[in-house]
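A quick write-up on the structure given underneath.
Here the structure is a predicted model, which is why all the values come from computation and not from measurement. Each residue takes its place number in the sequence, starting with 1. Indexing begins at 1, ligand by ligand and atom by atom, following the structure's order.
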Amino acid sequence: MMEYKCLTKQQFYFKQYAIVPIRMEDRFSIMQWRNEQMYHLRQNRILTPEDQDQYFKTVVAKLFDLDKPGQILFSYLDGDTCIGYGGLVHIDWTNRNAEISFIMDTTLEKEFFEFHWSTYLSLIERVAFEELDLHKIFTYAFNLRPHLYPVLEKSGFYREATLKEHAFFDERFISVVIHAKVHCYLRPALLTDAATTFRWATNPKVREFALNQSEIQWLDHKMWFANKLKSNHCFYYLLMQGDEPIGSIRFDIDTNEAMISYLLDPKYHGMGFGRILLKKGIEQFKQEAGHQITRITGWVINENLPSVKVFENLGFEKSQDDGTKSNYYLSII
Ligand SMILES: CC(C)(COP(=O)(O)OP(=O)(O)OC[C@H]1O[C@@H](n2cnc3c(N)ncnc32)[C@H](O)[C@@H]1OP(=O)(O)O)[C@@H](O)C(=O)NCCC(=O)NCCS
């Protein structure tokens, strides 16, 4: 398999699905799908096998050795079978943004359109944000497949712009819709976050799985929050998407162990941000306090399946289970 010089990790997995550097052997399937789906692509004639060979030889083959290629293409696999392809294109290394491209095997579109788009987006985001440290990724779609938009929005993309009558297509001008997502990052919690964190903590969707079910009062929260920020035993961060806070993670230290509490604004549940929040939180915490900590733990209500999954996916192991809640831990030395 070819490797991209600009990536340290080459293959990205979700269950049996993966994206890997585009494979020569997949070029004719890709050609076929492109020809079948020409109506939504920037392609104005049927590709022949010769065109495709030429494209792979003169364009694709040259991408692998570049420090800053203009595009990075992947085969999208189910097991070892290519069922789609896509990548980051028009990569702007100065402004750290790129457009996302993706098409799947045409026969999968009817039944599995949402599933494969969401899976692919979660994989390509890891390339964009974790590997290449891009700031923003976006889709540029002719306004011909409105069923794509809710899929993008469920994956945390927001509709950024409609470029009206922007493309000449089928003898008429059609609009182009741009959806975008900016990189999430953590920043330390500030006193001015008291109201936001109160709103989150008192939301029924967050309360549902809280270990302590007693009602939270604003003045108590304000005082509790200020004390947490003052404490040397607490590391508290907010997850930001651009300038919007979307979740929080806290590490409370007890001797050489740190206990995690984390949550997302309910608006952002179900989009995969939980994993990002926990992963980034642990990285940041290890950098700032890791030297004194040997173990990170978290209590999870057993019915809180998204949280159980997030912990398990990041390598946490279960140490205790009292039938209602379980303790998960990660050794960090
Ligand atoms: C816990 C929390 C941070 C999870 O974040 P999230 O980004 O919304 O989680 P997701 O919906 O993306 O789900 C995470 C994983 O659980 C899986 N999942 C979600 N619901 C599931 C269900 N009902 N059954 C099985 N798996 C489920 C998802 O498929 C995903 O798995 P994957 O990463 O392998 O794809 C968020 O739900 C939250 O803030 N909850 C309220 C506060 C809270 O419970 N905090 C944790 C206390 S320990």
Side-chain angles (χ1 to χ4, degrees), residues 12-19 76 78 112 114-126 129-130 150-157 181 183-186 189 193 196-214 216 221 236-241 244-252 257-282 284-285 295-322 324-330:
F12 300 81
Y13 287 91
F14 169 74
K15 299 186 177 153
Q16 81 262 31
Y17 303 100
I19 53 174
Y76 172 60
D78 176 351
F112 300 106
E114 174 169 355
F115 174 79
H116 288 303
W117 255 103
S118 321
T119 303
Y120 173 78
L121 286 173
S122 70
L123 295 169
I124 202 71
E125 269 176 40
R126 278 155 63 188
F129 294 141
E130 292 173 22
V151 180
L152 292 168
E153 286 156 20
K154 264 198 203 166
S155 292
F157 282 72
K181 189 170 197 174
H183 193 190
C184 295
Y185 61 94
L186 292 182
D193 297 317
T196 306
T197 51
F198 178 69
R199 186 167 45 81
W200 291 337
T202 50
N203 185 292
K205 274 184 84 180
V206 172
R207 293 303 295 152
E208 185 184 357
F209 294 124
L211 294 171
N212 179 352
Q213 284 290 329
S214 46
I216 305 172
H221 175 80
Y236 204 154
Y237 310 101
L238 260 64
L239 183 67
M240 305 292 294
Q241 195 185 38
E244 187 185 2
I246 67 167
S248 69
I249 186 161
R250 202 178 79 233
F251 296 83
D252 288 304
E257 197 168 296
M259 173 77 75
I260 289 181
S261 304
Y262 74 121
L263 62 85
L264 286 172
D265 183 330
K267 237 178 21 191
Y268 291 94
H269 285 191
M271 297 174 180
F273 285 112
R275 178 180 180 279
I276 295 173
L277 173 59
L278 194 59
K279 184 163 184 283
K280 281 186 181 295
I282 292 170
Q284 183 93 13
F285 175 70
R295 198 171 145 109
I296 297 179
T297 67
W299 282 100
V300 189
I301 306 277
N302 293 345
E303 284 173 7
N304 189 354
L305 296 177
S307 189
V308 167
K309 269 292 199 48
V310 168
F311 276 111
E312 286 177 352
N313 285 347
L314 291 176
F316 278 74
E317 287 182 50
K318 196 193 269 199
S319 67
Q320 292 172 53
D321 181 348
D322 69 7
T324 307
K325 61 183 187 310
S326 297
N327 186 267
Y328 284 83
Y329 73 95
L330 182 73

Residues forming a side-chain contact (heavy atoms from CB on, under 4.5 Å) with Glu208, sequence neighbours excluded:
none
Please confirm whether the backbone N or O of Leu121 pairs with a side-chain atom of Arg126, one donor and one acceptor, at under 3.5 Å?
no
Plane angle bin for His221 and Phe198 - parallel if under 30°, tilted between 30 and 60°, otherwise perpendicular:
tilted
When the ring planes of Phe273 and Tyr268 are compared, do they come out parallel, tilted or perpendicular, using 30° and 60° as the limits?
perpendicular
Which protein residues have a heavy atom under 4.0 Å from ligand 1?
Phe14, Val206, Phe209, Tyr262, Leu263, Leu264, His269, Gly270, Met271, Gly272, Phe273, Gly274, Trp299, Val300, Asn304, Leu305, Pro306, Ser307, Lys309, Val310, Asn313
Once you measure the plane-to-plane angle for Trp117 and Tyr120, does it fall in the parallel (<30°), tilted (30-60°) or perpendicular (>60°) bin?
perpendicular
With a 6.0 Å cut-off on ring centres, are Tyr328 and Phe316 close enough?
no
